[in-house]
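Notes to accompany the following structure.
We count residues from 1, following the sequence as given.
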Amino acid sequence: MSMDRRRFIRLAGGGAVAVTLGACGSALPPEAIAAWQGPGEQTDVRRWLVGHALLAPHSHNLQSWLVDLGVPDEITLFIDRSRLLPQTDPHSRQMMMSQGCFIELLDLAGREKGLRAQIELFPQGAFGPETVDARPTARIRLVPEASVAPDPLFAQIFHRRTNREAYEAREPDAAALEAISASVRPYPMRVGFVGAAQSEALAWHRRIAREAWRIELVTPRTVMESLQVLRVGPQEIARHRDGISLNAPMVRALVALGLFDRREVPAPDGTSTTTQIQDFNTRIEHTPAFFWLVTEGNDRCTQINAGRAYVRAQLAATAAGLSMQPLSQALQEYPEQIGPYNEIHRLLGAPAPRFTVQMWARLGYAPVIGPSPRRGLAAHILKA
């Protein structure tokens with residue numbers, strides 16, 4: 001679920017190279033995006049469901065979903081603790097949202113097959129507020145039920161994208177905003193939007209987003225967390241099929257020449273960092289609208305349900321021709337972000353700790369982009 005980190009990379013020796021992403025999406029290795037063609041026919045319907053669920057959005061595209069299919073007609077979901085973001089998501093709130101996104105897509109896929117997904121969250125007890133452990137996040141029993149109706153949002157699963165490109169100036173129309181709001185109604189949380197009609201509030205949203213992005217880029221451990229999951233060139237992208245992909249020819253040439261060192265922290269005042277900040281600020285300044293989800297409370301079940309609500313909102317936006325990009329930085333709970341964190345909560349009338357802003361995203365019309373890599377069905381199955 002993150003941002004414009006892809007646009008610039010730091011070179012060994014202190015220089016920087018701008019990377020245009022517009023030509024990269026369609027150039028990804030076919031095997032890295034094969035999952036977007038669908039799981040095909042499966043003898044076990046659960047594999048078909050998981051083959052759709054693994055297309056859910058995920059922080060840094062880490063895809064930390066593991067499923068146990070050892071019990072017939074059940075799917076037990078775990079979080080892969082080797083795929084966490086301890087620096088930018090120290091309490092794994094975003095990871096729980098990513099689990100919720102997976103569960104929601106699995107539920108939508110089940111409906112297509114006439115299956116009721118009976119979802120029990122944390123069947124062995126919920127994680128504490130600060131860490132995750134080896135217990136399952138959900139147990140899902142699949143029950144055939146003639147009354148189960150397909151959800152029209154299912155049709156958008158293969159079209160959904162997290163779009164970081166520049167958005168058009170025109171605002172989302174009222175019907176689209178209502179459709180997004182309606183999609184979230186199964187879950188008890190507050191949905192909001194801001195656009196040009198609320199010019200003062202819109203300016204505050206933009207200011208907070210700019211500052212939060214700057215903080216993440218100039219904090220060594222948080223920017224390095226992104227560099228560590230950067231996949232450069234077709235070989236790396238095809239081998240990992242996760243993380244943040246860069247496949248522009250210029251970058252591949254630099255890697256081949258040994259000029260790209262991802263072990264080095266970019267200087268806060270270096271060209272790489274300052275250009276990323278300028279680029280992001282330009283996109284934020286021209287973003288026509290913002291979307292958010294606020295919950296009362298922030299327990300683990302609430303976090304998962306926030307993820308379920310978010311992916312429904314993104315699917316509804318996709319159906320309306322709109323794009324979303326999460327703005328994770330100001331919602332992250334590491335010390336350097338406390339200022340933007342408190343500001344966005346105040347701005348949205350959601351004082352912490354009673355309320356939590358679970359999602360905050362850019363919203364608008366944007367150019368069509370290709371899908372992000374996926375590791376494929378086999379990578380997520382613990383036991384068949």
Side-chain angles (χ1 to χ4, degrees), residues 1-4 21-22 25 55-57 97 101 104-105 108 151-187 189-210 212-213 279-295 306-331 344 347-350 357-372:
M1 291 188 175
S2 79
M3 306 136 297
D4 284 17
L21 286 184
L55 301 178
M97 289 188 67
C101 293
E104 186 64 30
L105 294 199
L108 294 178
D151 190 314
L153 292 179
F154 174 83
Q156 302 303 323
I157 288 176
F158 292 102
H159 305 294
R160 183 206 63 78
R161 306 284 187 265
T162 296
N163 197 319
R164 301 170 179 84
E165 300 302 314
Y167 291 0
E168 297 177 16
R170 63 186 172 119
E171 289 193 81
D173 61 48
L177 299 184
E178 173 53 34
I180 294 170
S181 295
S183 73
V184 175
R185 285 178 190 149
Y187 301 101
M189 54 196 68
R190 176 160 58 90
V191 180
F193 305 92
V194 66
Q198 303 87 33
S199 59
E200 185 175 348
L202 184 62
W204 273 99
H205 279 263
R206 290 169 172 165
R207 192 187 68 76
I208 295 168
R210 290 194 300 265
W213 173 244
D279 182 76
F280 180 81
N281 289 351
T282 299
R283 291 172 187 277
I284 286 295
E285 190 61 30
H286 294 94
T287 294
F290 293 84
F291 157 84
W292 63 86
L293 291 172
V294 171
T295 62
R308 299 189 68 176
Y310 170 65
V311 76
R312 290 184 64 83
Q314 196 180 28
L315 293 171
T318 302
L322 287 162
S323 294
M324 283 187 179
Q325 177 197 356
L327 298 170
S328 308
Q329 297 79 16
L331 310 185
I344 192 63
L347 181 61
L348 300 182
V357 182
Q358 300 286 356
M359 176 54 67
W360 181 38
R362 297 169 68 212
L363 178 66
Y365 299 96
V368 175
I369 61 170
S372 56

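- Once rounded to the nearest 0.5 Å, the distance linking CZ of Phe291 with CD of Gln325 reads 14.0 Å.
- Put simply, the side chain of Ile284 does not reach to within 4.5 Å of the side chain of Trp213, judged on heavy atoms.
- Using a 4.5 Å heavy-atom threshold, the side chains of Leu322 and Ile180 count as touching.
- Across every non-hydrogen atom of Ser183 and Leu153, the tightest pair is CB-CD1, 4.2 Å.
- Without hydrogens or angle criteria, Arg206 side chain to Glu285 main chain gives a donor-acceptor distance under 3.5 Å.
- In this structure, Arg362 satisfies the cation-pi test against Tyr167, with its NZ or CZ atom closer than 6.0 Å to the six-membered ring centre and inside 45 degrees of the ring normal.
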Inset, instruction - Take Met324 and Leu363 through the side-chain contact (heavy atoms from CB on, under 4.5 Å) test and state the conclusion after the steps. - result: CA-CA 5 Å; Met324 283 187 179; Leu363 178 66; 3.8 Å; yes
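- In this structure the side chain of Phe193 reaches within 4.5 angstrom of the side chain of Ser181, judged on heavy atoms.
- Separating the OG atom in Ser372 from the CZ atom in Arg161 is a distance of 7.5 Å, to the nearest 0.5 Å.
- The shortest non-hydrogen separation linking Thr287 to Arg283 is OG1-O, 2.7 Å.
- Asn163 contributes atom CG, which lies 13.5 Å from atom OH of Tyr365 (distance to the nearest 0.5 angstrom).
- Between Glu165 and Ser323 the shortest side-chain heavy-atom distance does not fall below 4.5 Å.
- For the pair Glu171 (side chain) and Ala196 (backbone), a donor-acceptor distance under 3.5 Å is present.
- Taking both residues in full, the closest heavy atoms of Leu347 and Ala201 are given as CD2-O, 4.3 Å, listed atom of the first, atom of the second, then distance.
- Taking 4.5 Å as the limit, some side-chain heavy atom of Ile208 sits within range of a side-chain heavy atom of Trp360.
- Atom CG of Asp151 sits about 10.5 Å away from atom CD of Gln156, to the nearest 0.5 Å.
- The shortest heavy-atom contact between Val294 and Ala350 is CG1-CB, 3.7 Å.
- Taking 4.5 Å as the limit, some side-chain heavy atom of Val191 sits within range of a side-chain heavy atom of Leu293.
- Using a 30° and 60° split on the angle between ring planes, His205 and Trp292 fall in the parallel class, below 30°.
- A heavy-atom distance below 4.5 Å is not found between the side chains of Tyr187 and Tyr310.
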Inset, instruction - List the steps, then state whether side-chain contact (heavy atoms from CB on, under 4.5 Å) holds for Ile369 with Arg164. - result: CA-CA 9 Å; Ile369 61 170; Arg164 301 170 179 84; 5.9 Å; no
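- Closest heavy-atom contact between Ala309 and Met189: CB-SD, 3.5 Å.
- Panel note: side chain Gln358, backbone Leu331; no donor-acceptor pair is recorded below 3.5 Å.
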Inset, instruction - Could you give me the CA-CA distance, side-chain angles and deciding distance for Leu105 and Leu108, then say whether side-chain contact (heavy atoms from CB on, under 4.5 Å) is met? - result: CA-CA 5 Å; Leu105 294 199; Leu108 294 178; 4.0 Å; yes
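- Pro172 and Ala289 make their closest contact through CD-CB, 3.9 Å (heavy atoms, listed as atom of the first residue, atom of the second, distance).
- Side-chain atoms of Met359 and Pro326, non-hydrogen and from C-beta on, do get closer than 4.5 Å to each other.
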